[in-house]
There are 2 protein chains.
Amino acid sequence: MRRSAGDHIMVIEKKIYSLGHQVADILSADILEGNIRGGDRLIEQELQARFGVSRSPLREAFRDLEKKGLVEIVPRRGTFVKLVTRKDIIDHFPVRAALEGLAAALAHRSLTDLERESMKRELAAMEAAVGAGDTGRFHAHHLAYHELFINGSGNPLLIDTLKTLRMQAMWHRFSYQYYQEDLQRSYRVHARILDMLLDPGADLSRLRELVEDHINRAVSNFLHYVEQHETSHIDKTLTRRGETR
Amino acid sequence: MRRSAGDHIMVIEKKIYSLGHQVADILSADILEGNIRGGDRLIEQELQARFGVSRSPLREAFRDLEKKGLVEIVPRRGTFVKLVTRKDIIDHFPVRAALEGLAAALAHRSLTDLERESMKRELAAMEAAVGAGDTGRFHAHHLAYHELFINGSGNPLLIDTLKTLRMQAMWHRFSYQYYQEDLQRSYRVHARILDMLLDPGADLSRLRELVEDHINRAVSNFLHYVEQHETSHIDKTLTRRGETR
DNA sequence: GTCAAGTAAATTGTCGACAATTGTAATTTC
DNA sequence: GAAATTACAATTGTCGACAATTTACTTGAC
């Protein structure tokens, strides 16, 4: 069967995705779900057979994945799925914390009324989840809560940087939901944060600090979780060595 | 003349650059220097003729430039050089400030003795430049000073994020050197920062704040400069409209 | 048995050509 | 004369093939 250019173009909600983009999406999911392990090499011919596309869109997909921070392209040697080391995890949190702290402070003055209402709803949903002891539900609303004030910061560069950061930290997305945390305590922090966001006279430095500390505090919990569970995309070998620099 | 694959590969210091990479470098410079204006479309056939390469490496170059934030690739429509608006500039500073503040605080404990010495030297060079009234020289050493504590933070993710940020803000690199600033005052701030970096008992929050404020303060100066001078890659049209969100 | 050198296979880099889409200008219709 | 339609040109998306390089394996020397 001969496949001609433009064939297989998928149109979803009036958005056109090139073959390269489609392939990148599938590969992203595969990497995130652990079907493709960290350190694995993405071989063009193999994927060419799998997806039935030529190498041009494949190579574009690789660039896409590289931009997302999921793979590393080494010239003349190939494309490799990134390994996440213990230090990568440790390094991730303070950066994310600093940026989300900033986002919260900016959101304080630029949040719309609608967004403020949405945040109240997400917080209420978090409280309900705590009551029901539903960790998965809690984290879903927790995520929505954070996204609300990030997007509400009104700073597209900041929003985009945080999005990239979250994407690069794929280990985060799949592990976060399952590690145990003091939900009650987490809920109270978010209640305080929202209080400050809604209070016109709030101290912005303290607001930032609150958000920042909340995120930084998660790192130890998270590391503890990672070391106990199997997570295919996190490198356990390097995990043992204390590389502080 | 027929050109075969692998021909024209350039080897610099044992690093191999593909054609795509080389093209991306040249185009980067062109965009930064304003030879290619913001909003311009990069047409493959045109550049193909100019560089004498086929479209495959060209398209890779485009992806490279997109990753650097210099262009935007719109599917089926083309690749366009990014426009920098007044709001882009305003948004850039707080993000950069937050991250550099964090970098300074991290550097406080992870800087090597060698790096501390280098920072002293850069600061001394800045002082000399102030005495000589040499703005260009001042900013060169100012840049080196900042890079020292950023790279000395020991957090590759942070270092990389800041590098990308600086790259995206190409307007910054070419304009910064020429806008007038109170060099004397700037020098004093950097002297205080270095003092704190060298003091084992320094208050890290204050150190962060100092760095952050120093960068944030620059935004008004910079905007003032931009509005007076011609800078080819900054969009003047949108510059006039107050878009706060 | 281990290391070095040479050879073959696998894989990436680049190319030119065709297909599909988008933008533009001429044409038609009201 | 303005708006819609159609035909054409310009441009991007995809393909398959060849060239160059890297990798793996075999062979040979010590």
Side-chain angles (χ1 to χ4, degrees), chain A residues 1-27 36 39-67 70-82, chain B residues 1-27 36 39-67 70-82:
Chain A
M1 148 179 139
R2 166 161 172 79
R3 175 161 295 140
S4 52
D7 189 9
H8 276 225
I9 290 282
M10 196 188 296
V11 180
I12 298 175
E13 290 173 14
K14 287 178 186 164
K15 276 193 178 177
I16 298 172
Y17 289 100
S18 69
L19 287 178
H21 203 287
Q22 293 175 52
V23 168
D25 277 352
I26 297 174
L27 289 177
I36 305 178
D40 279 4
R41 183 184 192 173
L42 298 179
I43 297 169
E44 294 177 358
Q45 201 179 17
E46 225 170 69
L47 299 170
Q48 193 177 346
R50 173 177 167 195
F51 293 117
V53 300
S54 96
R55 287 174 57 214
S56 309
L58 265 181
R59 305 184 108 246
E60 281 194 11
F62 287 177
R63 300 277 161 181
D64 242 46
L65 294 174
E66 192 193 26
K67 202 176 66 176
L70 295 181
V71 304
E72 189 170 359
I73 300 176
V74 185
R76 288 259 167 231
R77 315 209 56 209
T79 301
F80 301 86
V81 177
K82 270 204 182 165
Chain B
M1 144 180 141
R2 165 161 175 77
R3 175 161 296 142
S4 54
D7 191 10
H8 277 227
I9 291 283
M10 196 186 296
V11 179
I12 296 176
E13 289 174 14
K14 289 179 185 166
K15 276 192 177 178
I16 297 172
Y17 290 99
S18 69
L19 286 178
H21 202 287
Q22 292 176 52
V23 168
D25 277 352
I26 297 174
L27 288 177
I36 305 177
D40 279 4
R41 182 183 193 174
L42 298 179
I43 297 169
E44 294 177 359
Q45 201 178 21
E46 228 169 66
L47 298 171
Q48 194 177 348
R50 175 177 165 194
F51 293 115
V53 300
S54 95
R55 287 174 57 214
S56 308
L58 265 181
R59 303 183 110 249
E60 280 195 11
F62 287 177
R63 298 281 163 178
D64 242 46
L65 294 173
E66 193 192 26
K67 202 176 65 174
L70 295 180
V71 306
E72 190 169 359
I73 299 176
V74 185
R76 288 259 167 230
R77 314 209 58 207
T79 301
F80 301 86
V81 178
K82 269 206 182 162

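Sequence lines set the chain letters: A, B, ... in the order given, protein chains first and strands last, and positions in each chain run from 1.
Look at CZ on Arg41(B): it is 12 Å from C1' on dT24(C), rounded to the nearest Å. Atom-to-atom, CG of Leu47(A) to P of dT11(C) comes out at 11 Å; the value is rounded to the nearest Å. As a whole-Å value, the separation of Glu46(B) CD from dA10(D) P is 13 Å. The CD atom of Gln45(A) sits 9 Å away from the P atom of dA10(C) (whole-angstrom rounding). One interatomic measurement links the two molecules: CZ of Phe62(B) to P of dT11(D), which rounds to 12 Å at whole-angstrom precision. In this structure, Ile43(B) atom CD1 and dA9(D) atom C1' are separated by 13 Å, rounded to whole Å. Atom pair Phe51(B):CZ and dT14(C):P shows a separation of 14 Å (rounding to whole Å applied). Protein atom CZ of Arg55(A) is 12 Å distant from nucleotide atom P of dA17(D), rounded to whole Å.
For Thr79(A) and Ser56(A), each mapped to the nucleotide of DNA chain C holding its nearest heavy atom, the one lying further toward the 5' end belongs to Thr79(A).
A pairwise comparison of heavy atoms in Gln48(A) and Val53(A) identifies CG-O, 2.8 Å as the closest pair. Scanning all heavy atoms of the two residues, the minimum distance from Val23(A) to Ala61(A) falls at CG1-CB, 3.7 Å.
Contacts of Leu58(A) with the nucleic acid, taken as non-hydrogen atoms under 4.0 Å apart, are absent.
Applying the salt bridge (charged side-chain N to carboxylate O under 4.0 Å, His left out) criterion to Glu72(B), with sequence neighbours excluded, gives no partner residue. Residues forming a side chain to side chain donor-acceptor pair (under 3.5 Å) with Arg41(B) (at least two apart in sequence, or on another chain): none.
With dC15(D), dT22(C), dC15(C) as the candidates, the nucleotide lying closest to the side chain of Arg76(B) is dT22(C).
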